[in-house]
Amino acid sequence: MPTSNLDKNDEILTINMFEVGHGDSILLTHEDPRENQSFYILIDSNTKMVDGKRINPVFEHLKGHGVRYIDLLVITHLHRDHYRGIDQVLNNLEVKKLVISPFISQKAAIFDDIIYKYKQKIGEICRLTSNENINFDLKSLAVLLRYIAQHDASRVMEAGGPEQVLRIPSAHNSLKAYIYLPLKKIKGVLHNKIERNDFNLDSFPEMNDASVVVVIDIFGHRLLFGGDSTAPQWREHRRHMKRDGVKNLGVNIIKAPHHGSDRNNPEDIFKYFFHRPNCRDPNIFTLISADGRTHPHKAFLERVGEWKLKPLCTNYSRHCLTDKITSIEGLASIPLEARPFLKQYEKEEAPIPCLGNIELRVSKDGITWTGERKRICPYRLRESDGGLNELDVLV
Ligand SMILES: [Zn+2]
Ligand SMILES: [Zn+2]
């Protein structure tokens, strides 16, 4: 970790990515000593079970730090691993602005009707089921819909387009924020579903295509938080940006789209995200939020390795076994420290944290990061190490 030359007058952006199994929950805190107060952007929300109790780590974090407001809440799309637990934030904190996908245009005459029907349906399902998890998710969604219904366009922004500038109140700090997706015509599709009596958002095939993406520029770095955005969306985006002469997004820190799905992070999209076809920049970080079961995909992790991007994962994946260790019998060849998690994979359902909660700090001095846990990562192996004997041990 480089020693910091920062003093108390320096502007800083902190990124907290919380370990929430398969799902996203990312808090950006911008502190500028020239401002009276910090600026908070929350991208998605998800919960996790701790000792049989469900907690929302970002809410606990905000509460613990005495934070009373969120300047910008972005719900990338309406899959439950991205909105679960958001009711706690909306009920207890002042959310100054919400950015959502334009499923149901607020301008449309059908808007109130859709929200009403959906809320009614949620109530109906809650009465019919005693499944605590379903009820919990539906409550989160109901509170989110209530916020959308109660606020006008000054508070609820419907994303859509290749690049929208987000207004940040401060005039003199270095942070610039943009929204990059979605592009497809998705307006009204939710309405059409409800008309057909289909209230299951998870079965909506275009839901990931509707993902909103947040881009932050600060101190010459570019951060991209990809939600569950898809490769077809990015190809369309690339066509749009090319017309303006932009061929490459030059991203330094990326929250890998769709939990490290191979299909949605193909080679041509890597080429669009990162400078140079074979990127050797040690300062490109790939944040991966998944429980390690279905995602991230093996081919994606291999691509991250080939491109020499630094993967920072909340949880281990079964692919961390690597080709050299394909079974538990291979345990003998790997360091003692890495063995317990591999054994657990054989029998346990709960995700096994790699770094757990991840924190990155971006300042004029560069980027530093820490993981909640000290873990070994075979994909962060240095090329010269030539094997598993000298693993990059994280501190
Ligand atoms: Zn997701
Ligand atoms: Zn999704």
Side-chain angles (χ1 to χ4, degrees), residues 15-27 42-49 54 56-58 73-86 89 98-104 133-134 136-138 140-141 144-145 158-160 179-184 186 189-190 193 198-214 224-234 236-237 254-266 269 286-297 300-301 304 311-315 317 350-351 353-354 357-358:
I15 301 142
N16 289 101
M17 180 152 101
F18 296 94
E19 188 278 299
V20 285
H22 183 93
D24 283 5
S25 182
I26 304 162
L27 179 69
L42 175 58
I43 306 169
D44 290 338
S45 165
N46 197 20
T47 61
K48 67 173 179 180
M49 299 302 282
R54 191 194 285 278
N56 184 347
V58 73
L73 168 64
V74 181
I75 297 295
T76 58
H77 63 302
L78 293 180
H79 273 154
R80 57 192 70 186
D81 58 318
H82 296 262
Y83 66 70
R84 190 182 279 129
I86 199 62
V89 173
L98 170 70
V99 178
I100 48 157
S101 238
F103 295 104
I104 28 174
N133 292 333
I134 294 176
F136 188 92
D137 294 352
L138 287 173
S140 301
L141 184 60
L144 181 63
L145 290 175
E158 293 175 331
I179 294 289
Y180 266 23
L181 293 175
L183 296 171
K184 262 191 178 174
I186 52 163
V189 277
L190 188 56
K193 265 174 79 80
D198 181 357
F199 291 84
N200 187 0
L201 296 177
D202 285 356
S203 69
F204 172 31
E206 286 163 302
M207 185 56 90
N208 286 340
D209 290 322
S211 259
V212 174
V213 169
V214 178
L224 188 150
F225 299 91
D228 281 359
S229 56
T230 62
Q233 286 276 302
W234 284 114
E236 197 185 339
H237 191 264
I254 189 161
K255 198 296 289 184
H258 198 201
H259 316 284
S261 133
D262 178 37
R263 190 162 43 93
N264 289 321
N265 292 273
I269 301 302
T286 310
L287 303 168
I288 301 154
S289 59
D291 61 6
R293 306 268 159 204
T294 57
H295 298 74
H297 293 153
F300 165 79
L301 285 173
V304 165
L312 305 180
C313 304
T314 50
N315 290 300
S317 110
C354 180
N357 296 329
I358 299 165

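All values below were derived from every heavy atom in this structure, side-chain atoms included, with hydrogens, water molecules and symmetry-related copies excluded. All values reported here derive from a predicted model rather than from experimental measurement. Ligands are counted one by one from 1 in listed order, and the atoms in each one are counted from 1 as well.
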Problem set entry | Partner of H259 under ring pair (Phe, Tyr, Trp, His ring centres under 6.0 Å), chosen from H79, H82, H297 | H82
Seminar exercise, completed: Counting only protein N, O or S atoms and ignoring waters, those under 2.8 Å from the Zn ion (ligand 1) are D81 OD2, H82 NE2, D228 OD2, H259 NE2
Problem set entry | side-chain hydrogen bond (donor to acceptor under 3.5 Å, both in side chains) partners for E19, two or more places apart | K48, N315
Exercise. Would you say the side-chain atoms of T230 pair up with the backbone N or O of N264, donor to acceptor, closer than 3.5 Å?
Worked result: no
Exercise. OG1 of T47 to CD1 of I86: how many Å apart, nearest 0.5 Å?
Worked result: 11.5 Å
Exercise. Among side-chain atoms of H258 and N265, is any donor-acceptor pair under 3.5 angstrom?
Worked result: no
Seminar exercise, completed: To the nearest 0.5 Å, atom CG of L181 lies from atom OG of S101 at 9.0 Å
